[in-house]
Amino acid sequence: MADVAVSAPVTVVNRRFRSLRPLLREPRVVWAGGFLIALALVAIFAPWIAPKDPLEQDLMMASLPPIGFEGYEPGYYLGTDDLGRDVLSRIIFGARIALTVSLVAASLAGLIGSLLGLASGWYRGWTDRIVSRLVDIWMSFPPVLLSVLLVAVMGAGLHSVIIAIAIIDWTRFSRVVRAETLAQSSLDYVTAAEAIGFSRRHILWREILPNVAPVIIALLSLEMGIAVIVEAILSFVGLSISSDAPTWGGMVAQGRQVLHESWWVLVFPLVTLFATVLAFNLLGNGLRNALDPVMRR
Amino acid sequence: MTPPLVSIEALSASSVREGGTPVLRDVSLTLERGEVRGLVGESGAGKSTIAKALLGILPETIRITGGWLRFEGRDLLTMPSGELRAMRGRDITLIPQDPQTALNPARTIEAQLTDGLRMKLGLRGTALHARAIELLEEVQIREPDRVLRSYPHQLSGGMRQRILIAAAFAPGPKLVVADEPTTALDVTVQKEILRLMRRMQERHGTAVIFVTHDLGVVAKVCDSVTLLYAGKVIEAGTTADVIERPQHAYTKALIAAGPRYDRPGQGLEPVPEAIFRQLRAELAGTAAKGAP
Amino acid sequence: MTLTSVFNRLAMAVLTLLGVGLVVFVLLRVVPGDPVAMMISPSATPADIAALRAHYGLDLPLAEQFFLWLRDLLHLDFGTSISLRRGVLQLIGERLPATLELTFAALVFGILAGGIVAVAGVLLRRTPLEAVMDFVNGLFLAVPDFVWALALVLLVGVLWPIFPLSGRLDPALSTDFYTPFYLLESLARFNWTDVGDVLAHLVMPTLALGLPLAAVIARTLKEALGEAMVQDYVLLARLKGMSETRLVLQEALRNAVGPTLTLTGVQFTFMIGGTVIVERIFAYPGIGNMAIDAVINRDLPLIQGIVLVFGALFIVINIAVDLIADRLNPRQLHG
Amino acid sequence: MVELNRRQALGLGAAAFISGLLSGRLAVSAAESSTLTIAFNANLPSFDGTTGPSAVNPAIQAIYRSIFDQYIGQKPDLSFEPGLLTAWGWNDDKTKVWMDVRSGVTWHDGTPLTPEDVVWSLERAGDPATGNPVANVWASIGNFTIDGQRITGDVKSFDPTIFKWMAFLTGYVLPKAYYTKVGAAGFEAKPIGTGPYMFDAYEGNSFLRLKANPNYFGGKPAFDTVVFKFVTDPTSRVAEIESGSSDVTLEVPYEEYDRLRKKEGLAGVSPPISDIGMLFITNVEPMLDKNVRLAAHHAIDKAGIVKKLLRGYGVPIDTLEAPEYEAYDASIKVGYDPKKAVELLSASGYSTEKPVKFTIQTTRGLKPKDYEMIQAIVGMWRKVGIEAEIEVYDIAKHFELRMSHKLAPAAFYNWGDAIGDPTTSTGFAMFSKSPHSAWKSDDVDALIGPLWAEPDEAKRIAGWKAVDKYIAEQGYVIPLLQYVQPILYKSTLKVTPNTSSALQPTLISKS
């Protein structure tokens, strides 16, 4: 589906991260995180920031070019689409949907995958066998086809896209978290905790989870980038969010039709989309580096 | 008069990262052809820095701040990198510390053993293979044919170290730098390896710089020894002189403390704190002297 | 891998495929969009509709439909496509080779390009160029395959038209192929005109699919190479006087390639999924192109067959990747 | 013969390989040669144009019409002309049909076309077991007898449109002897017909290559070779024509059409076709309120949509009959009147503050700008007090929902009717017993019912016009526009547009 490599970190560190300082020392985290925080603020305060109503159509104002080009109308900084809607405002409101989809879908996938991964890595035995088989079955589906099918089943819409991403991508978490849990559970601190007489469950939640958490956090960030791409792909195939609510993917699909006429309808959302995906990827890799002392060199 | 094989004159170096902490202070030593010199000191004493400088693999974090490092009269520090590379692996070779990690797990023993012969001496084909077998026999490996076909993980630690020794002596170097070659091995194997090294050295007439923290090992294989502490030469001389008549209190304490092959079971007293105080005072004195 | 473990994996593969079959079967039965609804006549009566439904066995209980499907599968009968009205197995047999040729071309491209970039990146360590390459690679990681496809259509197809935009073979070529493996067959026949034509048609879809793969490979391999380059054996080899290039290629590469290979296996299956859209854009007659038609037409037997084949491919590829990884790692070979 | 050694052979091969790589495509796609390459907008799933769902897909009729002939031909203006039948008709009391089969026609394999072929094709079409989607239409005639070139048959149930169907979907004559000999699979592998072009090579999802039929009864066709490239993605079709890889393409975005038809070496034509964009209204709340239905209709600025969104490519309409259709009644007008819409809505207690809410379903990308059009409509509705939520569905789901009468209160669809008869437009779309209708009410049924078998043609057409008028007054459906078909071609060619939307190679010639 999306090509973001998630290689299982095999390095094992028994150290909980307590301060943000190592994070701030990692430039990728600072830049990408800063961009994403800014984007989130833009999304949250969209109604105050956006110069126009993103849904307001005015066929008289259709296909206006962006600022600085001939035929530009004041107020429409990035031009308008073929229905006369303000591109900038639609990108700003689109950030709401993109961030919602990526946050909710990645969290759901992360929750399902991490729980299953933790369980199969810690309890092993039958739990592990069943979960691993499930992962195998799941991974055998071509993801694009599966997501298209799923959205066809559930009908296009925000919830369908989110559910489809969660249903397909939990395996990414499950595999990595399982490997990490397996590695952690063989370490001395776990043996020590067992010797003290903590319950299995207590050890899993209080001892192992905090040490697996950095991996999960890094994966979450990467997954959010993937979710943004998946939404774009589904929009491209004509599924995804259906109302006239602005989505970046939908804008790309729409802009592609009018590329030669009004390139700005395609280019600006596309650039925003790339920047966001890139930021999520950088943040994920930066986090992985920063939270994992052994990786730092 | 031919210059000595290695001559180090007033070599100083400092760490870039830790605020310019000196790692070598005015170190001088000479090494004649065929001589085996031990470089002794605890970790951080600067013995590895000297070895790395000789091999031209100083990390970027360490900068030479003064002095000369000559090999056959030519300054290694200013030598063009092409010449350095040509010299490396032919005139100067290394016996590494850990035989577990120093062999490429993905290549056969034969390939790795003969790298130097191929690249530096241009041997090929059956001549190469014959020389490889000869080398293995020299380091007393049985079934050399089978071993040559093996991968590193199929051999024991001692075997691997023998192969690394054979590889180091293979191109007929003038200087072998042995970087604590026995620390990763268990005691019984250590002895054999040391004996083997000495024999190889004598047969080839090669000079050896033997980096170690173990005076006992020095006593066994080295002709002369240089003792370092915090980048400064504390004591230097023939092995017999230094061991039998140590001048410096630190040397004496070390001899008293270190486990020794010649007197097993004796002397395991820690170096008294007073001696470290004295050492620190001396270093501070040098530093104070160095400052204008 | 020992014989028993290969056997175990094959047994597991069958179990997995069964699971895949069950999931897709159940999923498809709840898909809205009844294939029958699309083919009823303007004045059909409910009885006509029921008859059509029965004709395709859609009136039976779900469990029975599944059981019948499985039984037919065992006889290598994948059913008949509703929209194309031909045997599903036969259809897949015709289309799969096109997809296989495309994905393998993309795989080769991805490995070569990614490998070269990774090696170059390691050789250029600590130079400004490395940062530039890392940045570009990061950008490439964020560009999905269908966007590449669109960009390529515009660039190489229209602005600088040197490669054909659609299809797998020039319709004017009148070679009769005996197998659906056009590239292999024309190579085997030394028919260079055909080879050139097939390759020219492969260029753009291969790039679209292969560029993201190359980016992933480049990053993973570079990371692994970087780790391998600080190993003792590389240091020792450097002391033997080896050149940097040789150090990377001879000493580090084989030890670093393991994780990349595993990842490539996973990415390869993503890529096969990516054919669904890329083949569409380039009108490439592969199985992915057919898959979209099948979903649009709610052609249940065909979708089932395609998903099953995708699943089988995934399993085969991953077993193959593990076998290759074992080959490359002497420790496991002799261990 | 000169014998080459292996190295020479390889050397020659490499040269050919490189030149093939670099110049191969330039050498073969020139329009000057007698090859016509069409970048086509649909895949061809099957060569049998009489069975299976693809048989009723209007998009691929152009291909069927190239290889096969219809019983009765249809001109680009939708009027009928002799096809494989030279004459046809009913007897006076409409209990029998008669048809004269053209003589001297041969199949592509050289064997002559016989009346047996025609009878076999008709009977096969009427047999539901073969999978003909409109089998019951064909089943309305039967018991054929042959006398020389004349076929006579019984009318089992009178269908005034039966002869129109003979020029419409599934109305193709297939070779009886050949088909029985090779079977369905053999026929798919190498189909033969009587049409102007003969099957040559086929690669599913990729291309179809046809050769001219030198013995065609209508004269030898203009091109020696015709290639249909199946390029389903509109942007890719644009690239095909722009790069010169194809000679003709169709159904491209209007923006691209405008841009490219002005380009050097390219030309364009954009005829209105028998495709109607419409909103189905389902008889559920809130559509049971006539005020809401009519307000929804009055609030839509169809002319504005066509002008601004479709760049003028479309004909706004207020009935389900396009101007070319027989039952078109120009006097039926609904009109854009947002004020009236506001009044109607306020009469039912709705306003922009308290809007009436419902869902509207639409396809996305099925027809050019379909989704954008619905967005524009929703925007217009918002201004008068209608709050509609858009739901995207694909065409398969549309069929399913329509058949089970579960469409949303408003649902966008594209209705094609290439024979232009009111039964196949208004009839099937509005009659409650039809599985294709969304609005189901007795008042319409009462009007439509008697017209199905009305033997008097004039009375029949008048009846349908009355139905259309009533439907417009009641607001049971919202017709939006008649589509135009943008066709781009090299200016060295001449293209005769076809109202039925089938871009047949026979309508293209060298200029």
When the 4.5 angstrom heavy-atom criterion is applied to C:Ile281 and chain A, the contacting part is side chain

All heavy atoms of A:Asp136 vs all of C:Phe314, minimum pair found to be O-CE2, 4.4 Å

Honestly, the part of C:Val147 sitting under 4.5 Å from a heavy atom of chain A is side chain

Only residue of C:Leu17, C:Val20, C:Leu18, C:Leu15 satisfying side chain to side chain contact (heavy atoms under 4.5 Å, CB included) with A:Ile137 is C:Val20

Minimal heavy-atom distance between C:Ala142 and A:Val277, with the atoms involved, is CB-CG1, 3.7 Å

Ranked by heavy-atom pairs below 4.5 Å to chain A, first place among C:Val307, C:Leu150, C:Ile315 goes to C:Leu150

Here the gap from C:Thr16 atom OG1 to A:Met139 atom CE, rounded to the nearest 0.5 Å, amounts to 11.5 Å

### Query
Could you walk me through whether C:Arg219 and A:Asn285 pass the side chain to side chain contact (heavy atoms under 4.5 Å, CB included) check?
CA-CA 11 Å; C:Arg219 198 188 62 181; A:Asn285 291 325; 2.7 Å; yes

* To do: Could you go through the side chain to side chain contact (heavy atoms under 4.5 Å, CB included) check for A:Phe274 and C:Leu139 one step at a time?
  => CA-CA 8 Å; A:Phe274 283 162; C:Leu139 281 182; 5.8 Å; no

Closest non-hydrogen contact found for A:Leu278 with C:Gly138 is CD1-O, 3.1 Å

So, the part of C:Ile306 with a heavy atom under 4.5 Å from chain A: the answer is side chain

Bottom line for C:Ile272: the part with an atom under 4.5 Å from chain A's heavy atoms is neither

Contacts of C:Phe140 meeting ring pair (Phe, Tyr, Trp, His ring centres under 6.0 Å) (sequence neighbours excluded), chain-then-number -> C:Trp148

